[in-house]
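Heads up, the thing below is written out as structure tokens.
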Amino acid sequence: MKLVVTGSLGNISKPLTTELVQKGHTVTVISSNLEKQKDIEAMGAIAAIGTLEDVDFLVSTFTGTDAVYCMVPPNNYFDLSLDLIAYYRRIGNNYAQAIQQSGVKRVVNLSTIGAHLEKGSGILFGAHNVEKILNELPPDVALTHIRPTSFYYNLYAYVDMVKNQGFIAANYGADKIIPWVSPIDIAAAIAEEIVTPFVGRKVRYVASEELTGNETASILGAAMGNPDLKWKIIPNEQMLSGLEGAGMNPQIAAGLVEMYASLYSGLLAEDYYRHKPIMGRVKLTDFAKEFAAAFASATNIEPI
């Protein structure tokens, strides 16, 4: 098949591209970074260098392909002028326009846990809007929304906290379950969906392992040689103050706090538990080795 992958060579798109190429598909990878062209071509894929803000570029790249994987790239949460929800809406509209004009009939969209919510999901409301926009495409466009859970690599945000304070503190976790996911398991799900004939609309959740915050901290701590590492719950206000104090866009900081509070209350994952997937193959013990290496690098010590 002729397939288009967005997301350059990111955490999901790189293993996705590798798998699709290995299975004999013709894969075009969209990247805004010209320096990525050589790396993309070295993987056996075609590089399309351009921006998701350019609808004509998207139409040209999508035309003649069998299926497209769409994702909204991360943005800078410390950009005080960024309207994150508007950014998601703009990219979603660009995708919808390009899909219609190019005639693509199979689309896999990277969404998120909590995308079913009209309110209470914080920054994830952007992904909710993208789903709504794409669902308005003609019914002959087969559309799968991939809804991953909490990414393992989000834990990197706590490296400095563990280094300086000796614990993880957040307004979620502790004794409550966090459904974690590896980008490798997400890529595997996308690779399966994008080549599967399908009609209509579909939602697929992806998760790798369900652990409490305490269990998460224990596994990370063991990998670092600190099996007594603790996960502490802090109030929403303290979480918000910490994010804003680090220089984060206040609107985005508030959205993150609301998102995590919703995870802690159970609201965010209510639909996930109604459509619970089979767990992926990458477990936290696998990721913990990478976390320990990052911690060792930050503290200039040898990893165990």
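Nothing here was measured: the structure is a model prediction, and the numbers come from that model. In this chain, residues are counted from 1 in sequence order.
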- Task: Quick one: list whatever passes ring-ring contact (aromatic ring centres under 6.0 Å, His included) with Phe57, sequence neighbours left out.
- Result: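 Partners of Phe57 by the ring-ring contact (aromatic ring centres under 6.0 Å, His included) criterion come out as none, since no residue qualifies.
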- Query: By ring-ring contact (aromatic ring centres under 6.0 Å, His included), which residues pair with Tyr264, not counting sequence neighbours?
  - Reply: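 With neighbours one apart ignored, the set is empty.
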Just by distance, do the side chain of [X] and the backbone of [Y] share a donor-acceptor pair under 3.5 Å?
X	Y	value
Asn93	Arg89	yes
Asn171	Val257	yes
Ser102	Ala98	yes
Asp185	Val181	no

Euclidean distance, [Y] [atom2] relative to [X] [atom1], rounded to 0.5 Å:
X	Y	atom1	atom2	result
Arg90	Ile133	CZ	CD1	11.5 Å
Ser32	Ile49	OG	CD1	8.0 Å
Glu258	Lys119	CD	NZ	10.5 Å
Asn76	Met248	CG	CE	9.5 Å

Of all heavy-atom pairs between [X] and [Y], which one has the smallest distance, and what is that distance?
X	Y	answer
Asn249	Leu82	ND2-O, 3.0 Å
Lys283	Ser208	NZ-O, 2.6 Å
Glu209	Met279	N-SD, 3.7 Å
Met259	Ser121	CB-O, 3.5 Å
Ile113	Leu124	O-CD1, 3.2 Å
Leu58	Tyr95	CD1-CD2, 4.3 Å

- Message: Counting the benzene-type ring for Trp, do Phe287 and Tyr156 have ring centres under 6.0 Å apart?
- Response: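 Yes.
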- Run the numbers on Lys23 and Glu19 for salt bridge (Lys or Arg N to Asp or Glu O under 4.0 Å), then give the verdict. CA-CA 6 Å; Lys23 289 182 175 178; Glu19 181 171 349; 2.8 Å; yes
- Query: Should the pair Tyr172 and Trp231 be assigned to parallel (<30°), tilted (30 to 60°) or perpendicular (>60°) ring geometry?
  - Reply: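 Geometry flag for Trp231 against Tyr172: perpendicular rings.
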- Task: Specify whether Phe125 and His128 have parallel, tilted or perpendicular ring planes, treating 30° as the upper limit for parallel and 60° as the lower limit for perpendicular.
- Result: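 Parallel: the ring planes of Phe125 and His128 meet at under 30°.
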- Would Asp160 and Lys163 satisfy salt bridge (Lys or Arg N to Asp or Glu O under 4.0 Å), going step by step from the backbone distance to the final call? CA-CA 5 Å; Asp160 285 343; Lys163 172 186 172 183; 5.2 Å; no
- Message: Under the side-chain hydrogen bond (donor to acceptor under 3.5 Å, both in side chains) definition, can you give me all pairs with a residue in residues 55-66, not counting sequence neighbours?
- Response: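 Of all non-adjacent pairs touching residues 55-66, none passes side-chain hydrogen bond (donor to acceptor under 3.5 Å, both in side chains).
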